[in-house]
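All figures in this text were calculated on a predicted structure; none of them were measured in a lab. Computed over heavy atoms, backbone and side chain alike; hydrogens, waters and symmetry mates excluded. We're numbering straight along the sequence, starting at 1.
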Amino acid sequence: MAGESRKRKVGLLYDERMCKHDTPDGDDHPECPNRIKAIWEMLQRTGLAQRCVVLGGSKAEDKHLQLVHTKEHVNLVKSLSTKKKDSRRNKIASKLDSIYLNGGSSEAAYLAAGSVVEVAEKVAEGELDCGFAIVRPPGHHAEADEAMGFCLFNNVAVAASYLLNQRPDLGVKKILIVDWDVHHGNGTQKMFWKDPRVLVFSVHRHDGGSFYPTGDDGDYDKVGEGAGEGFNINVPWEQGRRCGDEDYIAVWDHILIPVTKEFNPDLIFLSAGFDAAIGDPRGGCFVTPYGYSVMLKKVCVVFSVLIGLAWFFSPELLQYVISQLMEFAQGKIVMALEGGYNLGSVAKSSLACVQVLLEEKQIQDSFEEYPYESTCRVIEAVRKRLCAYWPSLADELPWEAKTPSSPRCIREAKLTILSIRYKKQAESLRASLEVALEEKAALQTKVVELQGEKLRLQDKYAAEAKEAAEQLTQVSSELREAKIDLDFQRELFKKAGEEKKLLEGRVLKLEAELQQEASDKLRLRISRDRYAAEVKEAAEHLAKVRSELRDVQIDLNLHRKLPKKAKKVM
């Protein structure tokens, strides 16, 4: 209908086959399959997944991976799941930096990279307005020829290179990659170090080069080289443990947003690492009261004065950040999961991001707190280093009008107040702990008594158990003998059956022979009777002939005598 806003098509990509990548011995590890499971379960439980276009994973092609990785590296990862590599995977992993491998690592890595490519392609084509690829293993640390930092392939870099180099027909000529993972995206930076088509922006803990990945690659003076000079922006926190929402928003307002307006990207990739979120074990950042209570429940007692401070990466901050980015590139954003190792934080932060992608909430972009002095110094240093490439960063910022005279003092005062406020609670917890320890001692005494009773019961029933075992042995022996007899009887029965069949064959043969003999005798008898009748008939005929011969003889004799008599008469 006219005047009605079109609902945004938000893609969600999830494939449980990526959970096959796990530690070889099933040991606990922060980069575990439950990371993506927690996100997916949260999105389903809240009904957000049902309002999105759900996609299954697809494996990357070697030619696309080789746009940013060497052929040797691609072949190595590809071969990890073959049986030939079973005995070598641990050895290969031991030579790499913060990498584990198992039989499912290769398939998961191919799915992670291919899935980001799939979402990016659908967003670039206009089939989706934006999308979130819930993938693992992460990617932004992976370099051209080396896996590191839990990353095997650089998922975002593969997808960005695919759009620029393989699909020019989609019209994506400039890409912005925003990496808000608490660690510097060293792999992504190196892959586009000389490429002016890709603006790489990373805000991360640096701590003078001591935070992972160590070294000076993540420092603010690393701005690219050659044609890509000025297209690499690092915002390194030097006091990362103290930064909060207001520090990130200051960076967004005074660096990222002005530069993005000048760069005017066609599509934005978001390396969405959530390890700067609530209570993450790798980022080591501030927690909310809710996060603190979860930790308190798990470890029983944790004393901290950090309760009540601002989140480092709260859902509200993430929503604001994404809403700001959605003003650019016609809202074409592709999120790809990177780090984040507190399951609750990862799930809630992802939920907040998807709500923004769906334009489900109105975002408040004002915060009561101010950035730290160290944050102001970093922003000033970055702007000064990059203003030659981005004129919007050349103006001097009126920090006095935006920041209290001593923000650090104000925060430290707040910290002191909070410490006093929770000191009594800590003492109360210690008292509760002492009571718990007394109860524990009483329980241990009870346990000792129960163990003694257990030993008495064991002695009482030991004889019965032994007798039962002997009876069981005897019964087992009898069963074995019965089985032997049964097998013998079965063998005899089998042989008797075979002999019976043999005898039956012989009887049938004998009966056939007897029948043949009786038939022969019958024929002989008939022949004999016939012969006897013929003989009798012949004898009678012979007698008749003889009689006739005698008559003839008599006649002959008579005729012989007649001449003699005639002579005499004459």
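The distance from atom CD of Gln66 to atom CD of Glu72, rounded to the nearest 0.5 Å, is 8.5 Å. Of the inter-residue distances, the one linking Ser271 atom OG with Leu337 atom CG reads 10.0 Å to the nearest 0.5 angstrom. Summarising the geometry, atom CD belonging to Glu238 is positioned 8.5 Å from atom OG belonging to Ser374; distances are rounded to the nearest 0.5 Å. Atom CD1 of Ile233 sits about 5.0 Å away from atom CG of Leu199, to the nearest 0.5 Å. The CG atom of Leu270 sits 9.0 Å away from the CD atom of Glu338 when rounded to the nearest 0.5 Å. Remark: Asp22 CG to Asp28 CG distance equals 9.5 Å, nearest 0.5 Å.
Nearest approach of Ile134 to Met18, heavy atoms of both residues: O-CE, 3.7 Å. Nearest approach of Ser105 to His21, heavy atoms of both residues: OG-ND1, 2.8 Å. Taking every heavy atom of both residues into account, Asp15 and Gly56 meet most closely at OD2-C, 4.2 Å. Minimum interatomic distance between Val116 and Ala133 (heavy atoms only, all atoms of both residues): CG2-CB, 4.0 Å. Here the shortest heavy-atom pairing between Pro24 and Asn90 reads CG-OD1, 3.7 Å. Shown here for Asn155 and Pro137, the closest heavy-atom pair between the two residues is ND2-O, 3.2 Å.
A side-chain donor-acceptor contact under 3.5 Å links Ser79 to the backbone of Leu76. Checked by atom type and distance alone, the side chain of Thr214 never pairs as donor or acceptor with a backbone atom of Ser210 at under 3.5 Å. Not a single donor-acceptor pair under 3.5 Å links the side chain of Trp40 to the backbone N or O of Tyr14. Although no hydrogens or angles enter the test, the distance criterion places a donor-acceptor pair under 3.5 Å between the side chain of Asn342 and the main chain of Ser345. A donor-acceptor pair under 3.5 Å links the side-chain atoms of His69 to the main chain of Asn154, judged by distance alone. Without hydrogens or angle criteria, Asp207 side chain to Gly209 main chain gives no donor-acceptor distance under 3.5 Å. Side-chain N or O atoms of Arg17 include none that pairs as donor or acceptor with a backbone N or O of Leu111 at under 3.5 Å. Panel note: side chain Arg383, backbone His254; a donor-acceptor pair is recorded below 3.5 Å. Proximity of a side-chain donor or acceptor of Ser106 to a complementary backbone N or O of Lys78 within less than 3.5 Å is detected.
In this structure, Val53 and Leu12 have side chains that are not in contact, with every pair of non-hydrogen atoms separated by 4.5 Å or more. The shortest distance between side-chain heavy atoms of Ile379 and Ile255 falls below 4.5 Å. The closest side-chain heavy-atom distance from Cys353 to Phe132 is not below 4.5 Å. The side-chain heavy atoms of Leu163 and Phe269, taken from C-beta on, include a pair separated by under 4.5 Å. Here the side chains of Leu152 and Ile99 are in contact, with some heavy-atom distance below 4.5 Å.
Checked by atom type, the side-chain pair Asp275/His183 shows a donor-acceptor distance below 3.5 Å. Side-chain atoms of Glu118 and Ser58 form a donor-acceptor pair, as typed in the model, at a separation below 3.5 Å. For the residue pair Trp193 and Glu225, a side-chain donor N or O sits within less than 3.5 Å of a side-chain acceptor on the partner. Of the N and O atoms on the side chains of Asp62 and Tyr110, at least one donor lies less than 3.5 Å from an acceptor on the other residue. Using a 3.5 Å distance cut-off with no hydrogens or angles, the side chains of Asp97 and Tyr212 do pair a donor with an acceptor. The closest side-chain donor-acceptor pair between Asn102 and Thr23, if any, does not fall under 3.5 angstrom. Residues Asn234 and Arg385 have side chains that never bring a donor and an acceptor to within less than 3.5 angstrom of each other.
Glu41 is linked by a salt bridge (charged side-chain N to carboxylate O under 4.0 Å, His left out) to nothing, counting only residues two or more places apart in sequence or in another chain. Under the salt bridge (charged side-chain N to carboxylate O under 4.0 Å, His left out) criterion, Asp221 pairs with no residue, sequence neighbours left out. For Phe201, the ring pair (Phe, Tyr, Trp, His ring centres under 6.0 Å) partners at least two apart in sequence or on another chain are Trp252. Taking Lys122 as the reference, Glu127 meet the salt bridge (charged side-chain N to carboxylate O under 4.0 Å, His left out) condition, with sequence neighbours excluded. Shown here are the salt bridge (charged side-chain N to carboxylate O under 4.0 Å, His left out) partners of Glu31, two or more places apart in sequence or in another chain: Arg35, Arg136.
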Just do the side chain to side chain donor-acceptor pair (under 3.5 Å) check on His73 and Asp145 with the steps written out, would you? CA-CA 5 Å; His73 178 68; Asp145 58 353; over 6 Å; no
Take Phe192 and Asn232 through the test side-chain contact (heavy atoms from CB on, under 4.5 Å) and record every step on the way to the result. CA-CA 8 Å; Phe192 300 109; Asn232 190 82; over 6 Å; no
The test is ring-ring contact (aromatic ring centres under 6.0 Å, His included); show your working for Phe211 and His206 and say whether it passes. CA-CA 5 Å; Phe211 196 71; His206 187 58; 9.4 Å; no
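Residues Lys222 and Asp217 are not paired through a salt bridge, judged by the lack of any N-O separation under 4.0 Å between the basic side chain and the carboxylate.
The six-membered or imidazole ring of Phe150 lies near that of His29, with a centre-to-centre distance under 6.0 Å. No close placement of the Phe263 and Tyr389 rings is indicated, their centers lying 6.0 Å or farther apart.
Sorted by first then second residue, the side-chain hydrogen bond (donor to acceptor under 3.5 Å, both in side chains) pairs that include residues 168-177, not counting sequence neighbours, are Arg167-Asp169.
Partner of His184 under the side chain to side chain donor-acceptor pair (under 3.5 Å) criterion, out of Arg205, Gln189, His204, His140: Gln189 alone.
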